[in-house]
Amino acid sequence: MTADPNIQQEKPSSTMSTTASTNTDILTLVSNALGGKSVPETPEEAAFVEEILAAELNELSLVERDLILFDVHGLPTADEDDPPNVNEYFTQLERALEESSSEDKSAYELVVQQYPNYVSSNEFRLMFLRSEKFDVPKTAAKIIHHFNVKRYLFGDGEVMGRPVKLKDLSEDDMESLEAGFIQVSPTRDAAGRTILLLAPGQRKFKALENLMRTMWYTISTALMDEDSQKKGIVAIMYKRGTPLNREDWEHLHQVMWVREALPKKVVAVHQCVDESLRPLLAAHKLFLLTKDLRARVRPHVGDHEDVLFELQTYGIPANEELILPDGSLSLAWHQEWLGMRRAQEEEIQTGSKDDGVILPKKFDVLFGRGKNTREHTGNLRCALLVEMHLERYEKANKQEKTEITRQILAQVHDSGGRFLKHDKKVKSRTKSKAAAFCEFSPVLENLTYAFSFDMTCIDSTSLQTGWQEVDRDAAREKISHFFRFLRSKVVSEEGQPPESELKRVTPTPAPSSQGVEGQGEPSSKQFRGNDI
């Protein structure tokens, strides 16, 4: 069911944002300190608010502060692991949902009645339990709130019994989504966590619900990844130049209502602004974040280059091609991400298996060329494992070499890594040859006499469905590729003929494959840094 922005249900009062009620005491304190004003307007007032908020941290115990510090810097904690008695939590959650005294459970009860397999599945409930650190009462309240908000945004059709897809969005929703106000970063942080990027200045919408549905789709899609559920999400808010006006603040309040309905665990928030927007930082923490999230905020104020450098100190890749100096986000990756999502959803619609990976994990080993592939953590780690086994590999016979590659493959798999390769599936459709020519040469559209025939041609479109895990044979060949590259590098560094002059390091291929580009055993010239 496609969302209709012109037909909206009344917003349930029982599911309004809890942020304001959480902050009542601190808001009163700030208002009194600012002489009745609720929003800091100058850097001095912002600094004063920051002092009040900093004092709030003293209410946390030493253990709580240490856990937050670990999360912010990407250090592993026990929260990343599910408890061993997870089935007991499922039982407790079922009881809590049945006994809930929430004012409005109608949306949840509708889903239980019509789509019991969805709402009762362990996969669905585990996602919510993880987001609330297995606090059962909070989890039950969030599930009920989730379906109230979902019905308000998408109606009570069959979308209530499954994840939201692109087809559920209206044209206005898609326009808002394609504007790239919220994006999933193409790379994870050093701890392997998903990074969510937000650029408030890039918002585009006709009705506020367009923005809300955009956030719902993007965040819920990111949460399909198990690592995002376990390790949490790192949020980066980047804004420069124009401050937010009163209407913007009202919009953000409504958007936060959606945020609280999704089963996400935010472990760190990085606010990146220039000096002129320092009051914005204080106001954002004051009005839009809960006490727990305020403790996880790290401000970054200064020039674009300084901000990117500070993000790197937290293990966040500084992608200058994605985060632009004017405070906006590039749309190149976002369009690619949408294309992969669309292709995967189409495959599911046609009954094909959806095993595509859009965001590789930390220890995945990637096929392909380019800096991003070469410097991916999993590729660097695999190269190190190969280097550790190089001496033994060089002295081994064929059977022993096969065993060494199997051992390295097992080490990668044991750490949760996979060997991934970009997968492009070709979608073909027939069209008249006349239409094909007109598509490439609009000037010919009016020359009707030129197309008096009715021939057909194939229009093939590559659909990027993401990364696909390769089989074990291909994975072992990739490891052998690492060995060949490292061997050629060692030979070059030991003073023998430079790499550019080496004809071949590895054995000569069979005559049948010589002279055919791309076949046979590659020469050392082919293996440079960007090949790994």
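Computed over heavy atoms, backbone and side chain alike; hydrogens, waters and symmetry mates excluded.
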Any [X] side-chain heavy atom under 4.5 Å of [Y] side chain:
X      : Y      : answer
Asn319 : Pro186 : yes
Leu93  : Tyr89  : no
Ile182 : Leu329 : no
Val164 : Val159 : yes
Lys206 : Glu175 : yes
Val72  : Val267 : no
Ser228 : Arg193 : no
Ser131 : Lys264 : no

Measure the spacing between [atom1] of [X] and [atom2] of [Y] and express it to the nearest 0.5 Å.
X      : Y      : atom1 : atom2 : value
Ile236 : Leu311 : CD1   : CG    : 5.0 Å
Leu129 : Thr139 : CG    : OG1   : 4.5 Å
Ser185 : Leu197 : OG    : CG    : 5.0 Å
Phe124 : Tyr118 : CZ    : OH    : 5.0 Å
Leu126 : Asp82  : CG    : CG    : 5.0 Å
Leu366 : Lys478 : CG    : NZ    : 8.0 Å

Yes or no on salt bridge (Lys or Arg N to Asp or Glu O under 4.0 Å) for Lys291 and Glu59, after CA distance, side-chain angles and deciding distance?
CA-CA 10 Å; Lys291 181 179 178 179; Glu59 300 175 12; 2.6 Å; yes

Cut-off 3.5 Å, side chains only: do [X] and [Y] have a donor facing an acceptor?
X      : Y      : value
Asn210 : Asp173 : yes
Ser106 : Asp104 : yes
Tyr238 : Gln271 : no

Apply side chain to side chain contact (heavy atoms under 4.5 Å, CB included) to the pair Val184 and Trp337, showing each step before the final yes or no.
CA-CA 8 Å; Val184 178; Trp337 179 83; 4.2 Å; yes

What's the shortest heavy-atom distance between [X] and [Y], and which atoms?
X      : Y      : answer
Ala261 : Phe128 : O-CE2, 4.2 Å
Leu198 : Met215 : CD2-CE, 4.3 Å
Ile408 : Cys382 : CG2-SG, 4.4 Å
Pro163 : Asp168 : O-OD2, 4.3 Å
Asp135 : Pro137 : OD1-CD, 3.1 Å
Leu331 : Ala179 : CD2-O, 3.4 Å

When you look at [atom1] of [X], are more than 12 heavy atoms from neighbouring residues, nucleotides or ligands closer to it than 6.0 Å?
X      : atom1 : result
Met388 : CE    : no
Lys421 : NZ    : no
Glu320 : CD    : no

Provide the full list of ring-ring contact (aromatic ring centres under 6.0 Å, His included) pairs with a residue in residues 306-330, sequence neighbours left out, each pair given once.
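Qualifying pairs: His73-Tyr314, His270-Tyr314, His300-Tyr314.
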
Start with the C-alpha distance between Asp227 and Lys361, add both sets of side-chain angles, then the distance that settles side chain to side chain contact (heavy atoms under 4.5 Å, CB included), and finish with yes or no.
CA-CA 8 Å; Asp227 274 4; Lys361 295 182 180 181; 3.5 Å; yes

Is a side-chain N or O of [X] found less than 3.5 angstrom from the main chain of [Y], in a donor-acceptor match?
X      : Y      : value
Thr91  : Asn87  : yes
Lys265 : Lys230 : yes
Asn379 : Val365 : no
His334 : Gln183 : no
Asn85  : Glu88  : no
Arg151 : Met160 : no
Asp326 : Ser328 : yes
Lys150 : His145 : no
Glu64  : Ser61  : yes
Lys142 : Leu262 : yes

Do [Y] and [X] meet the salt-bridge criterion of a basic N to acidic O distance under 4.0 Å?
X      : Y      : answer
Asp71  : Arg296 : yes
Glu94  : Arg125 : yes
Asp225 : Arg188 : yes
Arg130 : Glu226 : yes

Please table the atom pairs, donor to acceptor, closer than 3.5 Å between any side-chain atom in residues 216-223 and protein atoms at least two apart or in another chain.
unit_1	atom_1	unit_2	atom_2	d
Tyr217	OH	Arg341	NE	3.3
Tyr217	OH	Glu345	OE2	2.7
Thr218	OG1	Thr214	O	2.9
Ser220	OG	Trp216	O	2.6
Ser220	OG	Tyr217	O	3.2
Thr221	OG1	Tyr217	O	2.6

Distance to the ring centre below 6.0 angstrom and angle to the axis at most 45 degrees; does that hold for Lys204 and Phe181?
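No, Lys204 does not sit over the ring of Phe181.
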
Derivation and outcome, side chain to side chain contact (heavy atoms under 4.5 Å, CB included), residues Met212 and Phe205
CA-CA 10 Å; Met212 297 164 78; Phe205 56 93; over 6 Å; no

Check against side chain to side chain contact (heavy atoms under 4.5 Å, CB included), Val470 and Leu420:
CA-CA 6 Å; Val470 302; Leu420 303 178; over 6 Å; no

Criterion side chain to side chain donor-acceptor pair (under 3.5 Å) on Arg213 and Ser170, from CA distance to verdict:
CA-CA 9 Å; Arg213 283 188 282 264; Ser170 67; 4.7 Å; no

Please name all residues satisfying side chain to side chain contact (heavy atoms under 4.5 Å, CB included) with Ser415, sequence neighbours left out, ordered by chain then number.
Phe363, Arg381

